[in-house]
Asks: 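I'd like to ask some things about the structure below.
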Amino acid sequence: MEKVKVKQNLKLSTIEGSFWAIMYGGGETFLSACAVFLQFSAFQISFLSSFPPFIGSCFQLFSASIKNKFKNIKQFVVAMSYLQAILWIGLVLLLFYKPTYKYILIWSCIYWIISTAIQPAWTAWMGYFVPRRIRARYFGKRNRIIGFVSFIATLIAGYILDFFNENMTYGFAIIFIVAFIGRTFSAFYLNKKFNFEGKETQNLFEYIYFFKNLISEKNKSFYYILFNSYISFSIMFFGPLFSIYILRTMELGVFIYTINMTLWQISNFSSSNYFGKLCEKIGDYKVLKISTYIIVFLPILWILLYYLDNQTQIIATFIVSILAGICFSAYTLSSFNLLYKISKKEDLIHFSALGTFIRGAAILLGGILAGVIVESNYINEIAENFSLIPIHISMIISVFLRFLSIPILKKINI
């Protein structure tokens with residue numbers, strides 16, 4: 001691709017990513033809070049956070065064949081992005097007319113099907129025109145800008161929900177309409193980018209054959225997918241329950257929940273550029289390794305702050321949220337960069353799709369088990385004996401499982 005086109009694509013990618021961040025920060029970030037507002041149970045929220053991504057990852061294997069029906073990757077990504085935007089309007093209608101668990105679950109499944117269908121094609125598209133020599137630095141800078149926009153969107157959305165505290169339905173409706181607008185403009189700028197002519201993507205059976213080879217060879221590609229899936233599985237024992245923990249267990253309210261989410265995002269995007277440079281200096285693998293070690297023990301901090309007095313507890317949640325944002329910034333950037341190093345450019349779409357599918361299955365299993373643990377009478381009895389609550393038991397299991405990811409991580413050292 002010509003140098004001028006590359007520069008233009010890099011600029012447009014940052015702009016479209018910023019509008020995507022409005023959808024993410026002001027929309028996706030508050031989906032769990034919306035589920036809490038609708039009085040869904042802990043198991044329902046865990047299932048809602050895990051089953052739709054799994055359905056999306058399953059569909060992703062077929063999405064390659066659908067993508068081949070389009071003229072090029074650009075046309076496919078743009079069309080799916082516009083469709084994802086329209087879904088937010090559908091969610092607003094559900095809030096007013098059918099705010100039941102069944103319909104919200106159906107909406108979530110459709111949303112994740114579209115979202116995960118976009119991911120491999122977008123990843124391959126970005127990998128084609130972002131030069132390898134500036135990849136870590138560019139994504140670090142891009143993530144910082146996108147993170148800042150996402151932080152602003154989250155802060156404003158939280159203020160809107162707090163303002164409509166007496167009628168939260170209208171508050172959620174407003175922020176979801178803004179999410180629709182953000183994704184629409186994102187799709188608009190995606191359409192302005194230059195395309196590249198990629199070869200036709202493999203069909204489902206070729207995907208399966210490709211995965212069979214990965215298993216038999218047990219190379220770094222295999223362990224990369226295994227590690228990402230396993231760490232996602234272990235994180236699900238607390239991740240989906242965070243909104244319940246803050247809003248329902250500790251009763252800190254929407255305002256404190258919003259501040260925690262924004263602090264997570266501030267620390268996440270503000271450290272992204274630093275980690276981009278650090279990845280170039282010491283390597284993506286070392287950054288991934290350090291961040292993983294810290295992520296292993298994060299749930300312990302969330303358990304400890306539960307026993308603090310209210311004022312100290314609030315300040316402590318802010319500190320832990322900042323630490324978590326920094327850790328996941330390093331983890332996300334380094335693992336994303338490793339994806340390009342481990343996979344061949346021509347295999348990137350189906351390698352990414354396979355990784356998402358297996359990760360989706362792991363997320364589903366983790367989400368279901370977490371929900372069962374929190375609502376189990378037996379676990380309740382064990383928790384009471386140790387002056388804990390069921391969510392704490394799920395967090396302790398999460399720490400143990402995260403620790404077991406380290407031997408897998410060592411297999412992908414490059």
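Residue indices begin at 1 and follow the sequence shown.
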Asks: Indicate yes or no: at least one non-hydrogen side-chain atom of W264 is less than 4.5 angstrom from one of F242.
Replies: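 W264 does not reach F242 side chain to side chain.
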Asks: Tell me whether the count of non-hydrogen atoms from other residues, nucleotides or ligands lying under 6.0 Å of CZ in R359 goes above 12.
Replies: no
Asks: Do the side chains of F275 and T332 get nearer than 4.5 Å, heavy atoms only?
Replies: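 T332 does not reach F275 side chain to side chain.
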Asks: Are the side chain of K74 and the backbone N or O of N191 linked by a donor-acceptor pair below 3.5 Å?
Replies: yes
Asks: Which atom names give the shortest non-hydrogen contact between T154 and F30, and what distance separates them?
Replies: O-CZ, 3.6 Å
Asks: If we ignore hydrogens and angles and just use 3.5 Å, is the side chain of T249 paired with the main-chain N or O of I246 as donor and acceptor?
Replies: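 A pair under 3.5 Å: no.
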Asks: Is the backbone N or O of I256 less than 3.5 Å from a side-chain atom of N260, with the two atoms forming a donor-acceptor pair by type?
Replies: yes
Asks: Measure the SG-CD1 distance between C327 and I295 for me, rounded to the nearest 0.5 Å.
Replies: 6.0 Å
Asks: Passes side-chain contact (heavy atoms from CB on, under 4.5 Å), F43 versus V372? Steps please.
Replies: CA-CA 6 Å; F43 177 80; V372 169; 3.9 Å; yes
Asks: Using side-chain heavy atoms (C-beta onward) and a distance below 4.5 Å, is L91 in contact with I104?
Replies: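 L91 reaches I104 side chain to side chain.
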Asks: Kindly indicate whether the side chain of Y306, heavy atoms from C-beta on, has any atom under 4.5 Å from the side chain of I389.
Replies: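 A side-chain contact under 4.5 Å exists here.
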Asks: Heavy-atom count check: over 12 atoms from other residues, nucleotides or ligands less than 6.0 Å from Y307 OH?
Replies: yes
Asks: Can you tell me how far apart SG (C109) and CD1 (I55) are? Round to the nearest 0.5 Å.
Replies: 5.5 Å
Asks: Can you check whether L94's main-chain N or O pairs, donor with acceptor, with Y103's side chain at less than 3.5 Å?
Replies: no
Asks: Could you tell me whether a side-chain N or O of T29 sits under 3.5 Å from a main-chain N or O of Y24, the two making a donor and an acceptor?
Replies: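 Judged by distance alone, yes, a pair lies under 3.5 Å.
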Asks: Do I22 and I181 come close enough that some side-chain heavy atom pair is under 4.5 Å?
Replies: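 No. Closest side-chain heavy atoms not under 4.5 Å.
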Asks: Is any side-chain heavy atom of S81 less than 4.5 Å from a side-chain heavy atom of E16?
Replies: no
Asks: Does F54, at its CZ atom, have more than 12 non-hydrogen atoms belonging to other residues, nucleotides or ligands within less than 6.0 Å?
Replies: yes
Asks: For atom OH of Y293, is the number of surrounding heavy atoms from other residues, nucleotides or ligands below 6.0 Å larger than 12?
Replies: yes
Asks: Which label fits F328 and Y331: parallel for a plane angle under 30°, tilted from 30 to 60°, or perpendicular past 60°?
Replies: perpendicular
Asks: Per the ring pair (Phe, Tyr, Trp, His ring centres under 6.0 Å) rule, which among F237, Y245, F238, W302 passes with H392?
Replies: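 In the set F237, Y245, F238, W302, the residue that makes a ring pair (Phe, Tyr, Trp, His ring centres under 6.0 Å) with H392 is Y245.
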Asks: Give, for atom CG of L401 and atom OH of Y230, the distance between the pair rounded to the nearest 0.5 Å.
Replies: 4.0 Å
Asks: Under the criterion side-chain contact (heavy atoms from CB on, under 4.5 Å), I'd like the reasoning laid out for R402 against L298: C-alpha separation, chi angles, the key distance, then a yes or no.
Replies: CA-CA 10 Å; R402 293 181 194 198; L298 278 177; 4.3 Å; yes
Asks: Kindly give the heavy-atom pair with the smallest separation between A153 and G26, and that separation in Å.
Replies: CB-N, 3.7 Å
Asks: How are the rings of W88 and F176 set relative to one another: parallel (under 30°), tilted (30 to 60°) or perpendicular (over 60°)?
Replies: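 Rings of W88 and F176: tilted, as their planes differ by 30° to 60°.
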Asks: Would you give the length of the straight line joining atom OG1 of T292 to atom NZ of K410, rounded to the nearest 0.5 angstrom?
Replies: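 One finds 12.0 Å between OG1 of T292 and NZ of K410.
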Asks: If you round to the nearest 0.5 Å, how far is CH2 of W20 from OG of S18?
Replies: 10.5 Å
Asks: For a quick test of reading the model, state the closest non-hydrogen atom pair linking Y224 to S335 and the distance between them.
Replies: OH-O, 2.6 Å
Asks: With a 3.5 Å distance limit and no angle check, can you tell me whether Y189 reaches the backbone of G17 through a side-chain donor-acceptor pair?
Replies: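 Here the side-chain-to-backbone pair does not exist.
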Asks: Test your reading of the model: is there a side-chain donor-acceptor pair from S398 to the backbone of S394, 3.5 Å cut-off?
Replies: no
Asks: Answer yes or no: is there a side-chain heavy-atom contact under 4.5 Å between Y159 and T258?
Replies: no
Asks: Determine yes or no for a side-chain-to-main-chain donor-acceptor pair under 3.5 angstrom, with S150 supplying the side chain and I146 the backbone.
Replies: no
Asks: So do the side chains of L95 and C34 get within less than 4.5 Å of each other, counting heavy atoms only?
Replies: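 L95 vs C34: side chains touch.
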Asks: Any idea how W122 and F336 line up, ring-wise: parallel (<30°), tilted (30 to 60°), or perpendicular (>60°)?
Replies: tilted
Asks: Restricting to non-hydrogen atoms, name the atom on F40 and the atom on R248 that form the minimum distance, rounded to 0.1 Å.
Replies: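 Reported closest heavy-atom pair: O-NH2, 3.2 Å.
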Asks: Test your reading of the model: is there a side-chain donor-acceptor pair from R183 to the backbone of Q84, 3.5 Å cut-off?
Replies: no
Asks: Quick one: does S329's side chain have a donor or acceptor within less than 3.5 Å of a partner on G325's backbone?
Replies: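 Side chain of S329 to backbone of G325: no pair is present.
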Asks: Verify the neighbour count for atom CZ of F185: are there more than 12 heavy atoms of other residues, nucleotides or ligands below 6.0 Å?
Replies: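 Count not over threshold, so no.
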Asks: How long is the straight-line distance from CG of L333 back to CG of L278, given to the nearest 0.5 Å?
Replies: 9.5 Å
Asks: If you compare all heavy atoms of K289 against all heavy atoms of L409, which two are closest, and at what distance to 0.1 Å?
Replies: CA-CD2, 3.7 Å
Asks: Between F297 and L301, is the side-chain contact (heavy atoms from CB on, under 4.5 Å) condition met? List the steps.
Replies: CA-CA 7 Å; F297 298 103; L301 300 179; over 6 Å; no
Asks: Between L87 and F180, is the side-chain contact (heavy atoms from CB on, under 4.5 Å) condition met? List the steps.
Replies: CA-CA 8 Å; L87 284 173; F180 156 75; over 6 Å; no
Asks: Assess the pair W112 and F51: is the distance between their ring centroids shorter than 6.0 Å?
Replies: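 Ring centres of F51 and W112 not closer than 6.0 Å.
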Asks: Please give me the minimum heavy-atom distance between A187 and V78, naming the atom from each residue.
Replies: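 Looking at all heavy atoms of both residues, the closest pair is O-CG1, 4.1 Å.
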